Number of protein chains: 2
Amino acid sequence: MVAETQTVAPRAQKKPSLSDLEVEAIEMFINFLRLIGLPKSVGEIYGLLFVASRPMAMDAIMERLGISLGAASQGLKLLRTLGAVRVVYERGDRRDHYVADLEISRFATVFIKDELQPRMEMANERVRRMEECLAELPAKERRATRQRIERLKHWLDKGQKMLPWVLRFMKL
Amino acid sequence: MVAETQTVAPRAQKKPSLSDLEVEAIEMFINFLRLIGLPKSVGEIYGLLFVASRPMAMDAIMERLGISLGAASQGLKLLRTLGAVRVVYERGDRRDHYVADLEISRFATVFIKDELQPRMEMANERVRRMEECLAELPAKERRATRQRIERLKHWLDKGQKMLPWVLRFMKL
DNA sequence: TCGGTATTTCATTTTTTCTTGAAGTTCATG
DNA sequence: CATGAACTTCAAGAAAAAATGAAATACCGA
């Protein structure tokens, strides 16, 4: 616990030196994207790009955030497929450059389409199968269980009706 | 890889023996609850209780699902605080018995209140701080960055306006 | 086509999250 | 109160998820 006397600090040259603005943006997006199950590194990348005043190449992103090659590559790939980030070609530079797409609604749209809707359909299937199971139940239990399944259907319905509305609202 | 000749199968007496109905319900809730970041065991417990025709005691739940004492205790505790499960006293039995609360909207309500709204407020704070940072920016970048922050504010606003609406919709 | 830089992939390591079960606490009952 | 069953807690282990970085691949420009 005694403080190491700072003998040169051989490899402490890891200062990413992010501005306050960048730190705020990064932390904000880490938090929000975690909510929809995206790893920290993805939030970091998006946050950094969100406040970047110029398109950034992958190596700059890596260095700035202190993340690995693989994380940067995979994170950018994911953000691209989400439509959250766009590639911009910079004349005279072979590298791909990235900018954040400010249409944040795409996150939501893709999330709803890729995560929520498939789950909903699976759930519908399951409910159907559950109803089939009802027949095999002792009459006593059947009634109560049927009611519960009805309730479930009701909620799935509600959710499915709400999604398009949310989507529309998101798109302004 | 050669199939062990079934010499008595000494401790294979681990058959949880769940009905098809139970399996469907359990899998469904594992899926949905994972979406809001709850562990598998919590989904299992809620799913089991959802189709149970009678209140269940903790030891029955453990045995049925093949989960540990700790997982059952903690999972039930969490479900209780979420309002997803209720304790029912059964006369002549010292154990607590649990039933699933069918008002699934409580999940959503608690999720919104505990996860979404605090994040939103944090985000508002951050945006405020980000605007302070603007002053220190070179004039060139300032304009573009301000626009981005405005966009962010716009989205936060939208989200915050949507939440109460969603809440109302959930409550029928 | 070649040379080399930019990017992707993926086996491995690291980190985080979940589960387990023994020890501790609570509490109804005799 | 004392007993013991019911429940909770928590340190340690197991499992899952994410990050790393070396190797493979793609691609640009000459």
Side-chain angles (χ1 to χ4, degrees), chain A residues 11 14 16 26-27 29-49 55-82 85-99 115, chain B residues 11 14 16 26-27 29-49 55-82 85-99 115:
Chain A
R11 66 192 53 212
K14 282 272 181 175
I26 289 168
E27 287 178 353
F29 283 105
I30 287 176
N31 274 327
F32 274 115
L33 299 198
R34 165 151 55 208
L35 203 57
I36 61 173
L38 300 183
K40 188 176 145 203
S41 65
V42 173
E44 290 177 289
I45 296 171
Y46 187 78
L48 180 63
L49 288 174
M56 292 183 79
M58 198 173 88
D59 56 355
I61 294 170
M62 282 169 56
E63 203 208 333
R64 215 71 195 301
L65 296 173
I67 64 178
S68 71
L69 190 65
S73 174
Q74 295 195 152
L76 284 167
K77 180 177 169 185
L78 178 59
L79 286 167
R80 245 154 36 217
T81 71
L82 285 178
V85 135
R86 240 163 346 105
V87 175
V88 164
Y89 294 97
E90 294 273 275
R91 133 174 217 90
D93 194 332
R94 252 174 81 181
R95 295 169 300 177
D96 286 345
H97 288 248
Y98 294 90
V99 296
E115 299 292 316
Chain B
R11 66 191 53 209
K14 282 271 180 176
I26 289 168
E27 287 178 353
F29 283 106
I30 288 176
N31 275 328
F32 273 114
L33 298 199
R34 166 151 56 208
L35 201 60
I36 61 173
L38 301 184
K40 188 174 145 205
S41 64
V42 173
E44 290 177 289
I45 295 170
Y46 187 78
L48 179 64
L49 288 174
M56 292 182 81
M58 197 173 89
D59 56 354
I61 294 170
M62 284 170 56
E63 203 209 333
R64 218 68 196 301
L65 296 173
I67 63 179
S68 71
L69 188 65
S73 174
Q74 295 196 153
L76 285 167
K77 179 178 170 184
L78 177 58
L79 286 168
R80 244 154 35 216
T81 72
L82 285 178
V85 135
R86 239 164 347 104
V87 176
V88 164
Y89 294 98
E90 294 273 276
R91 132 174 218 91
D93 194 332
R94 254 172 81 179
R95 296 169 298 178
D96 284 346
H97 288 248
Y98 294 90
V99 297
E115 299 292 317

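Computed from a prediction, not measured in an experiment: that's the story for all the values here. Values reported hereafter were calculated over all heavy atoms of this structure, with side chains retained and with hydrogens, waters and symmetry mates removed.
Taking the side chain as every heavy atom from C-beta outward, Leu76(B) and Ile61(B) approach each other to under 4.5 Å. A heavy-atom distance below 4.5 Å is not found between the side chains of Ile45(A) and Val85(A). Contact annotation: the side chain of Asp96(B) never approaches that of Met58(B) to less than 4.5 Å [non-hydrogen atoms, C-beta and beyond]. Side-chain contact check for Met56(A) versus Leu48(A): some heavy-atom pair is nearer than 4.5 Å.
Residue Met62(A) comes nearest to Ser68(A) through the heavy atom pair CG-O, 4.0 Å, listed as atom of the first residue, atom of the second, then distance. The two residues Glu90(A) and Pro55(A) make their nearest non-hydrogen contact at OE2-CG, 4.0 Å.
Residue Ser41(A) has a polar side-chain atom (N or O) positioned under 4.0 Å from OP1 or OP2 of dA19(D). For dA16(D), neither phosphate oxygen OP1 nor OP2 lies less than 4.0 angstrom from any side-chain nitrogen or oxygen of Arg34(B).
At a threshold of 4.0 angstrom between heavy atoms, the contacts of Arg80(B) are confined to the sugar-phosphate backbone, with no base atom among them. Contacts of Leu76(A) with the nucleic acid, taken as non-hydrogen atoms under 4.0 Å apart, are absent. Among the protein residues, Asp59(B) comes within range of no part of the nucleic acid, since none of its heavy atoms lies under 4.0 Å from any strand.
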Taking it one step at a time, do Leu38(B) and Leu82(B) satisfy side-chain contact (heavy atoms from CB on, under 4.5 Å)?
CA-CA 11 Å; Leu38(B) 301 184; Leu82(B) 285 178; 3.8 Å; yes
Apply the test side-chain contact (heavy atoms from CB on, under 4.5 Å) to residues Tyr98(A) and Val87(A): give CA-CA distance (whole Å), side-chain angles for both, the deciding distance (0.1 Å), then the verdict.
CA-CA 5 Å; Tyr98(A) 294 90; Val87(A) 175; 3.5 Å; yes
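In this structure, CG of Asp96(B) is placed 5 Å from P of dC7(D), rounded to the nearest angstrom. Rounded to an integer number of Å, the gap from CD1 of Ile45(B) to C1' of dT20(C) is 14 Å. Here the P atom of nucleotide dA6(D) and the CG atom of Asp93(B) are 7 Å apart, to the nearest Å. Rounded to an integer number of Å, the gap from NZ of Lys77(B) to P of dT9(D) is 4 Å. Distance, Leu78(B) CG to dT17(C) C1': 14 Å, rounded to whole Å. Taking atom CE on Met58(B) and atom P on dT9(D), their separation rounds to 11 Å, with Å as the unit. Nucleotide dA19(D) holds its C1' atom 16 Å from the CD1 atom of Ile61(A), rounded to whole Å. One can place CE of Met62(B) at 14 Å from P of dT19(C), the figure rounded to the nearest angstrom.
Between His97(A) and Gln74(B), the residue anchored closer to the 5' end of DNA chain C is His97(A), taking for each the nucleotide with the nearest heavy atom. Of the two residues contacting DNA chain D, namely Gly70(A) and Leu38(A), the nearest-nucleotide position lying further toward the 5' end is that of Leu38(A).
When atom types are taken as modelled, the side chain of Ser73(A) and the backbone of Gly70(A) share no donor-acceptor pair closer than 3.5 angstrom.
Among Ile67(A), Asn31(A), Leu33(A), Ile30(A), the one residue that satisfies the side chain to side chain contact (heavy atoms under 4.5 Å, CB included) test with Lys40(A) is Ile30(A).
Annotation: the terminal axes of the helix from dT1(C)-dA30(D) to dG30(C)-dC1(D) meet at 30°, where each axis is the rotation carrying the C1' atoms of four end pairs onto the next four (5 pairs per end, rounded to 10°).
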Summarise how protein sits on nucleotides 23-30 of chain D as a single string, 5' to 3': B when a protein heavy atom is under 4.0 Å from the base, S for sugar-phosphate-only contact, - for no contact.
----BB--
